[in-house]
Amino acid sequence: MRIALDAMGGDFAPKTCLEGATLAIREFSQDDRLVLVGQQETIKEHLAHYEFPESMIEIVHAEEVIGMHEHPTKAFSQKKHSSIGIGFHLLKEEKIDAFCSAGNTGAMSVGAMFSVKPCEGVIRPALAGFAPREDGSYGVLIDVGANADVKPEILVQFGEIGSLYAQHVFGIDRPKVGLINLGEEEQKGTVVTQAAYQLFKEQDHIHFIGNIEGRDIFRNKADVMVCNGYVGNVVLKLAESVYDLLKSRDYHDPFFDNLNYEAIGGSPILGINGNVVIGHGSSSALAIKNMIMQAFNMAKSDIYHKIRAAFQDQLSDKE
């Protein structure tokens with residue numbers, strides 16, 4: 001595997017990025033490589049403070065940096081030699097197996113849409129989040145912010161994309177897919193969720209279990225929980241705030257500790273032609289390490305090829 005990290009991305013870059021990189025490299029095999037994209041001399045200067053197998057790290061120089069508050073589309077188009085721009089170029093040219101960054105979220109989204117681009121047949125790529133469950137596993141929450149408002153058929157695609165991720169990355173044979181709604185009854189919800197329910201019922205390649213409620217998100221009722229990005233982002237941020245409140249009260253518990261964003265490290269963009277993970281701007285070294293390992297596991301499972309193949313098969317069936 002060749003996993004690339006934007007070494008200049010994040011509020012505390014490059015220090016936390018490179019510290020996280022040296023933590024992640026310890027879990028790589030001798031044949032794997034971590035590619036650090038950014039200003040070469042700065043990277044070398046910071047790496048000098050850590051011990052790591054030098055043969056497993058490569059540096060690709062990127063002169064420019066897209067700031068956290070720059071306009072995403074403008075910055076991505078104008079800063080061709082930024083760490084994010086070059087990272088996506090490497091991914092598009094298949095010189096790396098995955099790219100991750102805690103940098104400008106908008107620029108990462110623009111790169112995903114206009115550089116590697118969505119898989120053919122995917123209407124809207126989705127940002128996935130992960131909900132911890134009491135048995136220590138995680139459920140897939142999709143979408144968590146990429147698409148605030150969507151049509152019913154897009155929710156169905158989210159269910160399929162999330163199901164493929166749960167199957168191939170989490171190893172769940174037949175993932176249960178639930179639609180987040182106001183209640184379990186078929187007629188409940190908005191016009192969009194009611195229509196989506198009917199479309200889900202028609203899908204024979206998705207194990208749809210019906211509507212689920214907010215109280216089911218951290219249970220094992222569904223492996224994939226589908227919603228628009230507006231709802232998903234509210235759920236994600238609420239979960240993070242619960243962790244922060246408990247931490248401020250010096251309360252620790254294995255389940256609640258998994259609500260900490262550092263435990264996962266980032267959110268993958270699914271439905272594009274490449275493995276991409278976006279981390280929090282305030283990522284710590286631990287979060288960076290876990291973001292890298294998430295990207296590694298995505299690449300190892302070859303998830304984007306599996307998503308692409310599934311949608312190509314659907315297009316072929318329609319012809």
Side-chain angles (χ1 to χ4, degrees), residues 1-7 9 17-18 20-38 52-53 55-60 62 83-103 108-109 111-113 115-120 122 125-130 138 140 142 146 160-172 175 263-279 283 286-312:
M1 296 291 107
R2 289 172 57 83
I3 310 300
L5 170 69
D6 170 15
C17 290
L18 299 176
T22 57
L23 293 173
I25 202 73
R26 298 172 189 174
E27 300 190 25
F28 281 29
S29 73
Q30 289 296 319
D31 295 328
D32 300 320
R33 296 292 180 269
L34 183 59
V35 180
L36 301 175
V37 185
F52 60 92
S55 62
M56 296 174 66
I57 285 184
E58 299 175 15
I59 300 174
V60 174
S83 52
I84 290 178
I86 289 179
F88 272 108
H89 174 75
L90 293 172
L91 188 64
K92 184 178 180 180
E93 296 297 315
E94 299 185 346
K95 294 180 179 179
I96 56 176
D97 297 295
F99 177 49
C100 50
S101 173
M108 287 292 290
S109 298
M113 289 297 292
S115 180
V116 292
K117 299 181 179 179
C119 299
E120 187 178 5
V122 173
L127 201 59
F130 304 99
Y138 284 89
V140 180
I142 184 167
E160 181 170 6
I161 291 169
S163 187
L164 289 165
Y165 188 98
Q167 180 184 354
H168 296 291
V169 181
F170 286 167
I172 302 172
I264 288 293
S267 295
I269 304 177
L270 302 178
I272 59 172
N273 291 298
N275 299 304
V276 175
V277 183
I278 301 177
S283 288
L286 177 61
I288 295 292
K289 178 248 185 183
N290 285 332
M291 176 174 66
I292 293 169
M293 295 313 302
Q294 184 185 153
F296 183 96
N297 290 332
M298 289 175 65
K300 188 176 180 180
S301 71
D302 202 24
I303 183 61
Y304 99 82
H305 279 115
K306 290 181 170 67
I307 292 173
R308 184 167 69 180
F311 279 88
Q312 285 178 339

Heavy-atom closest pair (I292 atom, A21 atom, distance to 0.1 Å) is CD1-CA, 3.8 Å
- Item | Check: K306 side chain, S301 main-chain N or O, donor-acceptor pair, under 3.5 Å | yes
G9 and S101 have their tightest heavy-atom pair at CA-OG, 4.3 Å
Here the gap from I161 atom CD1 to I272 atom CD1, rounded to the nearest 0.5 Å, amounts to 10.5 Å
| message | Would the distance check show the side chain of S115 and the main-chain N or O of A112 forming a donor-acceptor pair, the cut-off being under 3.5 Å? | response | no
### Task
Return yes when atom CD of E93 has more than 12 non-hydrogen atoms of other residues, nucleotides or ligands closer than 6.0 Å, and no otherwise.
yes
Scanning both residues in full, the closest heavy-atom pair of T22 with I25 reads O-CG2, 3.2 Å
Distance-only, no hydrogens or angles: does the D32 side chain make a donor-acceptor pair with backbone N or O of S29 under 3.5 Å?
yes
Value for CE (M108) from CG (L127), rounded to nearest 0.5 Å, stands at 10.0 Å
Notebook entry, point to check: Would F130 and F170 count as a close aromatic pair, with their ring centres under 6.0 Å?
Noted result: yes
(request) Could you check if a side-chain atom of N273 sits within less than 4.5 angstrom of a side-chain atom of R308, using non-hydrogen atoms only? (result) yes
Of all heavy-atom pairs linking S283 and I288, the shortest is CB-CD1, 3.8 Å
CG of L286 to CG of N290, rounded to nearest 0.5 Å, is 5.0 Å
dist M1:CE -> N297:CG (nearest 0.5 Å) comes out at 10.5 Å
Output for pair (F52 CZ, L34 CG), nearest 0.5 Å, gives 10.0 Å
_Tell me if a side-chain donor or acceptor on R33 pairs with a main-chain N or O of I3 at a distance below 3.5 Å._
no
Correct closest heavy-atom pair for C100 and M291 would be CB-CG, 3.7 Å
Is the shortest heavy-atom distance from the side chain of L5 to the side chain of F99 under 4.5 Å? no
Next on the checklist: When you measure from the side chain of E58 to the backbone of L36, do you find a donor-acceptor pair of N or O atoms at a distance under 3.5 Å?
Outcome noted: no
**Prompt:** Are S109 and I278 close enough that some pair of their side-chain heavy atoms sits under 4.5 Å apart?
**Reply:** yes
Sequence neighbours excluded, the answer for salt bridge (Lys or Arg N to Asp or Glu O under 4.0 Å) partners of E27 is K289
Quick check against the 3.5 Å criterion: does N275 have a side-chain atom that pairs as donor or acceptor with the backbone of D97?
yes
Does atom CD of Q312 have more than 12 heavy-atom neighbours from other groups under 6.0 Å away? yes
Pairwise side-chain contact, L91 with I96, heavy-atom cut-off 4.5 Å (strictly under) = yes
dist I264:CD1 -> Y138:OH (nearest 0.5 Å) comes out at 4.5 Å
Are H168 and I303 side-chain neighbours, meaning at least one heavy-atom pair lies under 4.5 Å?
-> yes
What one should report as the nearest heavy-atom pair of F28 and M56 is CB-CE, 3.4 Å
